[in-house]
Amino acid sequence: MDALRGRGLRMTPQRRAIVSEVMRTPGHISPTVIARKVQGEMPGVNASTVYRTLTLLEEVGVLSHSHLETGAEYHRAEEAEHVHLTCARCGRDDTLSLGEARRLQQLIRAHHGFEADLTHFGIKGRCVDCAAAVGSASRA
């Protein structure tokens, strides 16, 4: 809340409720879930107010977002240092630390001169169980 006030923004009751819910939420922060929880406590809060507040929290460095199969998800900035791995078959979501992904970033940089932000989008593929199931089905 101090970060938003520091930008000269008013802390309306709606914005205060949204920020409080965000700070109580561990791990991934879904805008839809935040909106539902805040609207349960404070009917009349628009989803657009939730999205605008999440965007403001990202602009001041409190949150970071990723685009996943299910839509945008936010994380506290200090918890955002991972890559999402999403199974295209069963939908299971796993994570890869940036340390583990560093070689991929280096490969992209070496071959294309491109500095990749691997935290912004999820990598779609098959989890170990689905890859094994597809592999055994094709051998049959």
Problem set entry | Stepwise side-chain contact (heavy atoms from CB on, under 4.5 Å) check, D93 with H84 | CA-CA 7 Å; D93 193 36; H84 289 270; 3.1 Å; yes
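- The environment of R24 atom CZ is dense: over 12 non-hydrogen atoms of other residues, nucleotides or ligands sit within 6.0 angstrom.
- In this structure, CD1 on I29 lies 7.5 Å from CG on L54, to the nearest 0.5 angstrom.
- Across M42 and A17, no two heavy atoms sit closer than the pair CE-CB, 4.2 Å.
- Closest heavy-atom contact between A101 and V83: CB-CG2, 3.9 Å.
- Of the possible donor and acceptor atoms, one in the side chain of R76 sits under 3.5 Å from a partner among the backbone N and O of V22.
- For the residue pair A47 and Q39, the shortest heavy atom distance occurs at N-NE2, 3.9 Å.
- Residues forming a side-chain contact (heavy atoms from CB on, under 4.5 Å) with T49 (at least two apart in sequence, or on another chain): Q14, I18, V45, N46, R52, T53.
- With hydrogens and angles left out, the side-chain atoms of H65 and E73 include no donor and acceptor closer than 3.5 Å.
- Note on V33: it does not cluster hydrophobically with V38, by side-chain heavy-atom contacts below 4.5 Å among ILVMFWY residues.
- In this structure E115 satisfies the side-chain contact (heavy atoms from CB on, under 4.5 Å) test together with R109, sequence neighbours excluded.
- Side-chain contact between P31 and Y74 is present, with heavy atoms from C-beta onward closer than 4.5 Å.
- Here L107 pairs with H111 under the side-chain contact (heavy atoms from CB on, under 4.5 Å) rule; sequence neighbours left out.
- The closest side-chain heavy-atom distance from V62 to E58 is not below 4.5 Å.
- Without hydrogens or angle criteria, R92 side chain to C87 main chain gives no donor-acceptor distance under 3.5 Å.
- Using a 3.5 Å distance cut-off with no hydrogens or angles, the side chains of S97 and E100 do pair a donor with an acceptor.
- In this structure, K37 NZ and S20 OG are separated by 13.0 Å, a value rounded to the nearest 0.5 Å.
- Q105 places none of its side-chain heavy atoms less than 4.5 Å from the side chain of D117.
- Cluster annotation: L104 and F114 are assigned to the same hydrophobic cluster (Ile/Leu/Val/Met/Phe/Trp/Tyr, side-chain heavy-atom contacts under 4.5 Å, transitive).
- The two residues T32 and Y51 have their closest heavy-atom pair at OG1-OH, 4.1 Å.
- Closest of all the heavy-atom pairs between R89 and A133 is NH1-CB, 3.3 Å.
- Between the CD1 atom in I123 and the CG atom in L96 there is a gap of 7.0 Å [rounded to 0.5 Å].
- Of the inter-residue distances, the one linking R16 atom CZ with M11 atom CE reads 5.5 Å to the nearest 0.5 angstrom.
- With rounding to the nearest 0.5 Å, the separation of CZ in R15 from CG in L56 is 5.5 Å.
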